[in-house]
Participant: 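What follows is a structure written as structure tokens; I'll ask about it next.
Numbers restart at 1 for each chain; the letters A, B, ... are given by sequence-line order, proteins then strands.
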Amino acid sequence: MRYGHSLTFSITNFSIFTFLVTRSFCSKARANRYASLLQLCCLQSSISCSFDRAVHAHMIASGFRPRGHTLNRLINIYCKSSKLAYARHLFDEIPQPDIVARTTLISAYSAIGDLKLAKEIFNGTLLLMRDTVFYNAMITAYSHNNDGHAAIELFRDMRRNDFSPDNFTFTSVIGALALVAENERHCQQLHCAVVKSGTGFVTSVLNALISAYVKCASSPSVSSSSLMGAARRLFDDMVERDELSWTTIITGYVKNDDLDAAREFFDGGGMCEEMVVAWNAMISGYMHRGLYKEALEMFRKMYLSGMRLDEFTYTSIISVCANAGFFQLGKELHAYILKTEVNPSPDFSLPVNNALVTLYWRCGRVDEAREIFNYMPVKDLVSWNALLSGYVNAGRINEAQSFFKEMPEKNILTWTVMISGLAQNGFAEEGLKLFNQMKILGFEPCDYAFAGAITSCAVLGTLEHGRQLHAQLIRFGFDSSLSAGNALITMYARCGVVEAAESLFLTMHCVDSVSWNAMIAALGQHGHGIQAIELFEEMLAEGILPDRISFLTVLSACSHAGLVEKGHHYFNSMYSVYGITPGEDHYARVIDLLCRAGKFTEAKSVMESMPCEPGVSIWEALLAGSRIHGIMDIGIKAAERLFELKPEHDGTYVQLSNMYAVAGRWVDVAKVRKLMRDRGVKKEPGCSWLEVESMVHVFLVDDAVHPEVHAVYNYLDQLDQEMRKLGYVPDTKFVLHDMEFDQKEYALSTHSEKLAVAFGLMKLPRGATVRVFKNLRICGDCHNAIKYMSKVVGREIVVRDGKRFHHFRNGECSCGNYW
DNA sequence: ATAGGGTTAG
């Protein structure tokens, strides 16, 4: 809202200036006024405010043609205010653009990364016209765009053509050489070259040299401490140090993850008081390392000493608040900035507002983040990406998608956020489509984008596609990527190939708690409950702190392995040992674990210890447990609560009907079934009955009857008979006894309803197409089971799942491409 | 007109 004032301010000024401009008869005065006016526009520039165009139009309308120095100044102003197209327009109107205009444009193109256009201008300039500054700009352009070799080659060309390099040239060339330097020896050669050139005493050149050492120190294959030591010696030997020399060393330590050394250097004295950049570097260093307290402490010192705080300070400290969840402090900072920065330039407000957008959504206020976004006078890609992440993170996929479509430009991060957001919110197919679309549009995927696509495959259970992505990932050189590796572990596990997940986990260059959690979950989901718990213990032994997800995973593993005591113990240790407050999800799992084991008394006492009212997940766990053990009163009570809390949810009907089935109360089963049909929930996911096109009906096996596999057979057989008694005649009888069953692989499945589909498939004619309900994904265990089935019964099975086809033949599966 | 340090999106 504050920006509203500045807008009025500049509108008033606009009329005054126009008045003054038209009153200026002297062309030079007029030119200067136009330039000042444009300068004002730069400060006020916003997407909706295009005064500079108005000024430009005014110039043309009044027949004023800027030339020479004035024109160059205008071009420069346009370039600086990111209105490169206007600058180019002016440039193209000059019959013979001079070297200054050319230099300005080259560096502007360099800044936006358009080397092609920069080169075009460079090559279109005759040797006669060129000068040292012109060469410097082009060398810098190459250097800024990571083409060190081209920069060095151009430097040679410059020497060949007898242009004498100046300190700017050396600084730029050293920057370029730093790009190609791979080890300490290269840096030393660089050092020698500097000494030979006679610039070994020039502060700016030495700063560049120090910066080269620092950059080289960050590359993975070198010893960073030795290179930082060399940089430090250079610094110590300097005759004259400026602010930059100090900050280069500090950021060097920070970048090389040695915050203690940075702090020691920082505190060591000799630095001038007002070195805001150095303070900012320290704060951002602490921020990135997750040392939020230290970052805040530095910020406090800065604030109390009355130092100038700039946009970098604010952005970093707001990020601290966003990452650490200090919402109150973040809000106070927001208010403080609004109060103290009366008329902020876009250079100030843009990054600060971007950080604020992130602060608000991370603290669960997506709508407030949106409000800030809406009020922003200038937005850039970062702003858009920040809010997109907000929507995705809040699971507001519809809004995310329309926001995504609205975006004026996108980068790889935009795509990645959207792809993984879709994958994690149940729109995996859309995620994969987007990944392909992104590649078609020429965006080179990064490892995070791969991770998103791989997650989609995990959700869909499309193993072949997942494997293809794995191969592509290696081709792109991301085989040591942590995020992609973690996604792959989950993908292989969910597609039933635990061995692949395991060998990946064991060979990954580095792993984090996410990797451990993924691997523990992989083992747990495939019936290797004991190994899952062993792995969890191993993780603890390695000194890796478990997080909320670790406990969810390990509680599930205990549940599947029937390790009730162990699970209960882990649950109790969550807060007492690791200080993690259990959430409702943890309570639900431990109650589920206890109920499954028939320990309803313990479950009840856990429930009573809950700090809040039991929600849906708790009642679901209770119902599931009651169903297994046929505890009718508790089950019915839980179902009633669930009908109240979540009336539209079909799962309750399913559980209730299964509970009656376990108790042999087939009339009640039929009643619930009728109720379901009346409510139209028949075709919802998780429905007990699956219709297949050949009119086979399969009653779902539930993990209720696990882990005794033979009980499954008997149970199904019994069901078959009971169904017939009720007058319900399935087209095919369940023939399960003649089937080999590998208990290890499938018995402890969590996706037992999908397993049931597999059972049903056995009895279908060769090549039959089975329609599986739209939202029931063929994945993980089911995938594995059908593969197994196709081998055992020696027949080809085609399963249609939504728009996709899975062909199972002789134990292998190929998936039909649908995009 | 050109260089060198610090910020924000997963």
Participant: Which nucleotide in the set B:dT7, B:dT8, B:dA3 lies at the smallest distance from any side-chain heavy atom of A:A355?
Facilitator: B:dT8
Participant: Give the rounded distance in Å between these two atoms: CZ of A:F450 and P of B:dG10.
Facilitator: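 That distance rounds to 21 Å.
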Participant: Contact class for A:N167 vs. all strands (heavy atom < 4.0 Å): base, sugar-phosphate, or nothing?
Facilitator: nothing
Participant: What nucleic acid atoms does A:M287 come within less than 4.0 Å of, heavy atoms only: base, sugar-phosphate, or nothing?
Facilitator: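 Result for A:M287 = sugar-phosphate.
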Participant: At 4.0 Å (heavy atoms only), tell me whether A:N393 reaches a base, stays on the sugar-phosphate, or touches nothing.
Facilitator: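 No contact at all - A:N393 keeps every heavy atom at 4.0 Å or more from the nucleic acid.
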Participant: Of all of residues 136-153 of chain A, which get a heavy atom below 4.0 angstrom from DNA chain B, listed by number?
Facilitator: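 Within residues 136-153 of chain A, the residues near DNA chain B are A:N136, A:T140, A:H144.
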Participant: Let me know the distance between CG of A:L154 and P of B:dA3, rounded to the nearest Å.
Facilitator: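 Distance check: A:L154 CG to B:dA3 P gives 15 Å.
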Participant: Using a 4.0 Å heavy-atom cut-off across all strands, classify A:T104 as base, sugar-phosphate, or nothing.
Facilitator: sugar-phosphate
Participant: Using atom CG of A:N354 as one end and atom P of B:dA9 as the other, report the distance to the nearest whole Å.
Facilitator: 9 Å
Participant: Tell me, please, which residues at least two apart from A:V511 pass side chain to side chain contact (heavy atoms under 4.5 Å, CB included).
Facilitator: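 With sequence neighbours excluded, A:V511 shows a side chain to side chain contact (heavy atoms under 4.5 Å, CB included) to A:F505, A:M508, A:S515, A:W516, given in chain and number order.
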Participant: Would you say the side-chain atoms of A:Y78 and A:H89 include a donor-acceptor pair closer than 3.5 Å?
Facilitator: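 Absent: no donor and acceptor within the cut-off.
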Participant: Rounded to the nearest Å, what distance is computed from the CG atom of residue A:L177 to the P atom of nucleotide B:dG4?
Facilitator: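 Rounded to the whole Å, the gap is 14 Å.
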Participant: Using whole Å, report how far CZ of A:F155 lies from P of B:dA3.
Facilitator: 17 Å
Participant: Distance check needed: B:dT7 C1' versus A:I337 CD1, whole Å only.
Facilitator: 12 Å
Participant: Establish, from distance only, whether the side-chain atoms of A:R263 and A:Y286 form a donor-acceptor pair under 3.5 Å.
Facilitator: yes
Participant: Side chain to side chain contact (heavy atoms under 4.5 Å, CB included) with A:L206: which residues, sequence neighbours excluded?
Facilitator: A:L209, A:L234, A:M238
Participant: Hey, does A:W415 reach any base, or is it just sugar-phosphate, or nothing, if we go heavy atoms under 4.0 Å?
Facilitator: nothing
Participant: Enumerate the side-chain hydrogen bond (donor to acceptor under 3.5 Å, both in side chains) contacts for residues 105-114 of chain A, please, sequence neighbours excluded, ordered by first and then second residue.
Facilitator: A:R88-A:Y109
Participant: Applying a 4.0 Å non-hydrogen cut-off, can you work out what A:S204 is touching in the nucleic acid: base, sugar-phosphate, or nothing?
Facilitator: base
Participant: According to a strict under-4.0 Å criterion, is A:R362 in side-chain N/O contact with OP1 or OP2 of B:dG10?
Facilitator: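 It does, given that an N or O in the side chain of A:R362 lies less than 4.0 Å from OP1 or OP2 of B:dG10.
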Participant: Check every strand shown and say whether A:N76 touches a base, only sugar-phosphate, or nothing at a heavy-atom separation below 4.0 Å.
Facilitator: sugar-phosphate
Participant: With a 4.0 Å cut-off on heavy atoms, is A:V417 in touch with a base, just the backbone sugar-phosphate, or nothing at all?
Facilitator: sugar-phosphate
Participant: Could you tabulate the donor-acceptor pairs under 3.5 Å formed by side-chain atoms of residues 126-137 of chain A, not counting sequence neighbours?
Facilitator:
| from | atom 1 | to | atom 2 | distance (Å) |
| --- | --- | --- | --- | --- |
| A:R130 | NE | A:T125 | O | 3.0 |
| A:R130 | NH1 | A:Y135 | OH | 3.1 |
| A:R130 | NH2 | A:F122 | O | 3.4 |
| A:R130 | NH2 | A:T125 | O | 3.0 |
| A:D131 | OD1 | A:V133 | N | 3.4 |
| A:D131 | OD1 | A:F134 | N | 2.8 |
| A:T132 | OG1 | A:S164 | O | 3.2 |
| A:Y135 | OH | A:D157 | OD2 | 3.0 |
| A:N136 | OD1 | A:T169 | OG1 | 2.7 |
| A:N136 | ND2 | A:D166 | OD1 | 3.1 |

Participant: Between B:dA9, B:dT8, B:dG5, which nucleotide has the shortest distance from any of its atoms to the side chain of A:T315?
Facilitator: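 Of the candidates, B:dT8 comes closest.
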Participant: Parallel, tilted or perpendicular: which describes the rings of A:W415 and A:F443, with under 30° parallel and over 60° perpendicular?
Facilitator: tilted
Participant: To the side chain of A:H288, which of B:dA9, B:dT2, B:dT7 is closest?
Facilitator: B:dT7
Participant: Base, sugar-phosphate, or nothing for A:K255, non-hydrogen atoms under 4.0 angstrom?
Facilitator: sugar-phosphate
Participant: Side chain of A:F312 only, heavy atoms from C-beta on: which candidate in B:dG10, B:dG4, B:dT7 is closest?
Facilitator: B:dT7
Participant: Nearest whole angstrom, please: distance from the P of B:dG5 to the CG of A:N207.
Facilitator: 10 Å
Participant: Please enumerate all residues that pass side chain to side chain contact (heavy atoms under 4.5 Å, CB included) together with A:S481, with sequence neighbours excluded.
Facilitator: A:D447, A:F478, A:S483, A:A484
Participant: Go through B:dT7, B:dG10, B:dG5 for me and flag the one nearest to the A:V277 side chain.
Facilitator: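 The closest nucleotide is B:dG5.
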Participant: The side chain of A:S316 lies closest to which of these nucleotides: B:dA9, B:dT7, B:dG5?
Facilitator: B:dT7
Participant: Taking atom types as modelled, find out whether A:T140 and A:S172 have a side-chain donor-acceptor pair closer than 3.5 angstrom.
Facilitator: yes
Participant: Donor-acceptor pair under 3.5 Å: do we get one between A:T247's side chain and the base of B:dG5?
Facilitator: yes
Participant: I need the CD1-C1' distance between A:I121 and B:dA1, as an integer number of Å.
Facilitator: 13 Å
